[in-house]
Amino acid sequence: MNRIWNSVVGKLWGTILLLVLFVLFIITVLMLEFLENFHTEQAEESLRQEAATIGKIVEQYDQIEDSMQIIQNILGAETSALIVRNAESVFLSVHEGLNKEVFQEKLLEDKELSNIYTTNNTIIKKTLMPSMTEEDRMENYIILASPLESDKEIHGAVFIYQSLEVVNKTSNHTTRIVFLSGFIALLLTTMFSFFLSSRITSPLRTMREAALELAKGNFETKVLYVQKDEIGELSAAFNRMGSQLKDHVEVISQEKEQLSSILTSMTDAVITFNKDFNVLVSNPQADQLIVKWHEHNEVAGQSNLPVELYHLLDHVFHQEEEIDEEIEIQGSYFSVSVSLLYSKDSVRGAVVVLRDMTEQHRLDKMRSDFIANVSHELRTPISMLQGYSEAIIDEVVTTEEDKNEMIRIIYDESKRMSRLVTELLDLARLESGYLSIYKEKVSVLPTIERITQKFDQIAKEKNIRLYFEHTLSESIHLQLDEDRMEQVLTNLIDNALRHTPKEGSVTVKLTQTAGQLMIEVKDTGYGIPKEDLPFVFERFYKADKARTRGKSGTGLGLAIAKNIVERHDGRLSVESEVGVGTAFIIKIPLT
């Protein structure tokens with residue numbers, strides 16, 4: 001029932017029904033009032049005419065018997081009359097039914113009606129009297145008193161009374177007709193209301209179902225319409241809205257997907273914050289940073305932000321200005337760009353773009369260190385070349401032997417400068433990819449053995465034992481640049497021999513493990529301090545802190561060796577312990 005009343009059909013039906021019932025009620029009340037007055041006036045007029053006629057008849061006929069029949073014929077149905085000569089004598093009584101004496105008594109004793117004996121005006125009164133048809137029942141009667149022989153000072157009167165049941169019956173009959181009309185109108189109204197409502201609500205229900213489908217994301221939903229009225233126009237507008245909504249959603253989805261792809265592919269970290277410092281949107285790079293910050297537990301308050309970034313955002317929100325700065329967070333350097341997001345005239349958040357500048361800082365430092373190291377490495381040989389050259393030119397040396405010694409030193413220093421420049425160029429070409437690697441199928445075992453045997457004489461001169469070991473069951477062939485790999489092993493074996501004291505040993509070991517060829521160059525030398533191990537493969541690294549000339553290389557050999565191994569898809573690592581020795585390990589895939 002509630003569903004009907006809450007629907008458009010129920011509301012429209014109830015509204016029309018109440019309107020029709022209200023109109024019928026007003027019409028019924030007015031009609032009943034009108035009919036009651038009309039019938040009462042008709043009854044009064046009829047009683048007046050009858051009273052006037054009876055008065056004339058009584059005046060014309062002296063004998064009661066002569067006028068009795070005429071008077072009865074004149075009186076209408078359910079109408080009675082009482083004729084008196086004066087207040088004390090009854091001339092004639094025409095009364096059909098019960099309670100005749102009661103009527104006479106009441107009419108003669110009524111004070112208002114008694115005035116008829118002295119006035120020439122007709123008196124009409126409505127009063128409650130006993131029923132003439134049923135015992136113990138009271139009815140309303142209309143009584144008309146008309147003067148008789150009005151030319152006398154005290155005269156008689158004619159009382160005509162009639163029951164108002166006739167009027168009531170007429171009113172009741174009229175009321176039944178009105179109620180019957182109302183019931184018929186109710187049925188017709190209901191049928192009309194439901195017909196009209198179905199014509200209106202049926203397309204509305206269809207549009208409601210279509211709207212629910214749109215809400216679920218089914219933008220292909222269409223409303224079929226054939227009407228040419230406002231409902232049809234509404235259906236057409238709904239279909240246009242669905243099509244436009246589909247287009248807009250597709251555009252938004254494409255833009256969202258495009259933005260997501262852009263954010264995901266960016267190397268910079270992008271984070272969107274609200275004014276409560278909560279993260280709204282972030283890309284994968286930003287997520288990694290947030291996790292890293294949270295793991296280090298160096299965040300400000302309840303946020304997951306470092307103190308430096310938190311204070312920067314707080315400043316931006318309070319000052320409402322955009323900032324481009326470089327800050328240091330947990331030992332890393334970031335270039336931070338902050339843009340504000342507005343909602344109408346107020347700031348609702350900010351977009352932060354963080355670019356990791358740590359590597360650039362490291363490269364800048366390496367560049368400056370490289371220049372300093374190159375300058376340092378070149379300064380000594382240049383100074384020696386200049387000094388010995390000046391000594392020869394100024395003929396400071398007097399003996400031929402001293403002169404030849406100076407010339408030999410100048411020659412050695414020039415070779416050292418040439419070697420330094422050559423290695424710098426090789427390293428630059430390797431790192432830039434301009435130095436080509438020519439690979440060919442090489443038998444590994446004899447090649448490594450040959451390179452190792454090349455240092456037998458040097459090892460004997462330094463009283464160092466040089467070993468070559470392998471656990472290979474058969475000869476292995478790999479695609480290698482033999483010259484470059486010989487350069488790598490030469491550098492590693494030479495370093496091992498130079499940093500191994502007398503009676504020590506250097507071992508070159510060849511093994512095969514987990515689909516890799518492992519070449520290990522191990523010595524029993526001084527070893528490398530633990531704190532220096534991360535920097536072994538950097539340019540100009542030297543384990544000899546004093547940089548003693550003649551015992552140290554250029555400091556570029558290991559950097560070149562690492563780069564050559566990596567160009568062969570391999571990996572070069574180091575293990576060392578001070579006082580025990582050092583092992584350089586090369587791992588190259590067999591496939």
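For the pair Arg484 and Ile564, the tightest heavy-atom approach, listed with the atom from each and the gap, is CB-CG2, 3.7 Å. Residues Val565 and Arg571 approach most closely at CG1-N, 3.4 Å, considering heavy atoms. Minimum heavy-atom separation, Pro501 to Ile464: O-CG1, 3.8 Å. Ile588 and His568 get closest at one heavy-atom pair: CG2-O, 4.1 Å. Taking both residues in full, the closest heavy atoms of Lys441 and Gln479 are given as N-OE1, 3.5 Å, listed atom of the first, atom of the second, then distance.
Not one N or O on the side chain of Ser576 forms a donor-acceptor pair closer than 3.5 Å with the backbone of Gly527. For Glu520 (side chain) and Leu510 (main-chain N/O), no donor-acceptor pair under 3.5 Å exists by modelled atom type. Asp276 contributes no side-chain N or O that, together with a main-chain N or O of Asn278, makes up a donor-acceptor pair within less than 3.5 Å. Side chain of His315 to backbone of Glu321: no donor-acceptor contact under 3.5 angstrom is found. Between the side chain of Ser260 and the backbone N or O of Lys256 there is no donor-acceptor pair closer than 3.5 Å. No donor-acceptor distance shorter than 3.5 angstrom exists from the side chain of Asn463 to the backbone of Lys502, with no hydrogens or angles considered. With Ser243 contributing its side chain and Asn239 its backbone, the two residues share a donor-acceptor pair below 3.5 Å. Side-chain N or O atoms of Arg355 include none that pairs as donor or acceptor with a backbone N or O of Phe334 at under 3.5 Å.
For the pair Val506/Tyr467, no side-chain contact is recorded, criterion being any heavy-atom separation below 4.5 Å from C-beta on. For the pair Ile493/Thr452, a side-chain contact is recorded, criterion being any heavy-atom separation below 4.5 Å from C-beta on. Proximity of Glu325 to Leu312: side-chain heavy atoms (C-beta onward) are separated by under 4.5 Å at one or more points. A 4.5 Å side-chain heavy-atom check between Ile271 and Ile290 finds at least one atom pair inside the cut-off. Proximity of Ile528 to Val578: side-chain heavy atoms (C-beta onward) are nowhere separated by under 4.5 Å. Under the 4.5 Å side-chain criterion, counting only non-hydrogen atoms from C-beta, Val338 is in contact with Leu313. The side-chain heavy atoms of Thr447 and Glu482, taken from C-beta on, include a pair separated by under 4.5 Å.
For Phe273 and Phe317, the gap between ring centers reaches or exceeds 6.0 Å.
Leu492 CG to Ile586 CD1: the interatomic distance, rounded to the nearest 0.5 Å, is 5.0 Å. Here CG of Leu533 is found 8.5 Å from CD of Glu531. Values are rounded to the nearest 0.5 Å. Considering OG1 of Thr358 and CD of Glu328, their distance stands at 8.5 Å, rounded to 0.5 Å. To the nearest 0.5 Å, the span separating CG on Leu466 from CZ on Phe455 amounts to 9.0 Å. In this structure, CD in Glu322 is found 4.5 Å from OG in Ser339, a value given to the nearest 0.5 Å. Summarising the geometry, atom NE2 belonging to His477 is positioned 10.0 Å from atom CG belonging to Leu445; distances are rounded to the nearest 0.5 Å.
Residue-environment remark: CD (Glu575) stays at or below the threshold of 12 foreign heavy atoms within 6.0 Å. Residue-environment remark: CD (Glu401) stays at or below the threshold of 12 foreign heavy atoms within 6.0 Å. Applying the 6.0 Å contact sphere to CD of Gln319 captures more than 12 heavy atoms from other residues, nucleotides or ligands. In Lys454, the NZ atom is crowded: over 12 heavy atoms of neighbouring residues, nucleotides or ligands sit closer than 6.0 Å. Other residues, nucleotides and ligands contribute over 12 non-hydrogen atoms within 6.0 Å of the NZ atom of Lys439.
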**Prompt:** Should Ser505 and Lys522 be marked as a side-chain hydrogen bond (donor to acceptor under 3.5 Å, both in side chains) after you check the CA-CA gap, both sets of side-chain angles, and the distance that decides it?
**Reply:** CA-CA 8 Å; Ser505 65; Lys522 186 176 181 180; over 6 Å; no

**Item:** side chain to side chain contact (heavy atoms under 4.5 Å, CB included) between Leu340 and Val316, worked out
**Value:** CA-CA 8 Å; Leu340 293 174; Val316 168; 3.2 Å; yes

**Pair Glu449-His470, side-chain hydrogen bond (donor to acceptor under 3.5 Å, both in side chains): steps then yes or no** = CA-CA 10 Å; Glu449 186 176 7; His470 71 88; over 6 Å; no

**Request:** Might you work through the side chain to side chain contact (heavy atoms under 4.5 Å, CB included) test for Thr490 and Val488, ending with a clear yes or no?
**Result:** CA-CA 5 Å; Thr490 298; Val488 172; over 6 Å; no

**Prompt:** After noting the C-alpha distance and the side-chain angles of Thr264 and Asn283, does the key distance pass the side-chain hydrogen bond (donor to acceptor under 3.5 Å, both in side chains) rule?
**Reply:** CA-CA 5 Å; Thr264 303; Asn283 63 349; over 6 Å; no

**Request:** Give the intermediate values and the outcome of side chain to side chain contact (heavy atoms under 4.5 Å, CB included) for residues Leu558 and Asn491.
**Result:** CA-CA 7 Å; Leu558 290 178; Asn491 185 282; 3.8 Å; yes

**Message:** Applying side chain to side chain contact (heavy atoms under 4.5 Å, CB included) to Phe584 and Val536, what does each step give before you reach the verdict?
**Reply:** CA-CA 11 Å; Phe584 284 90; Val536 166; 4.0 Å; yes

**Item:** Trace of the side-chain hydrogen bond (donor to acceptor under 3.5 Å, both in side chains) decision for Gln453 with Arg450
**Value:** CA-CA 5 Å; Gln453 290 175 352; Arg450 177 184 61 79; over 6 Å; no

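Taking 4.0 Å as the cut-off between side-chain N and carboxylate O, Arg498 and Asp494 count as a salt-bridged pair.
With Leu341 as reference, Thr272 is the one residue of Val347, Asn274, Thr272, Leu280 to meet the side chain to side chain contact (heavy atoms under 4.5 Å, CB included) rule.
Between Tyr333 and His361, the ring-plane angle classifies as parallel under the 30° and 60° cut-offs.
A donor and an acceptor atom, one from each side chain of His318 and Asp314, are located under 3.5 Å apart. For Lys509 and Thr471, the side-chain atoms include no donor-acceptor pair closer than 3.5 Å.
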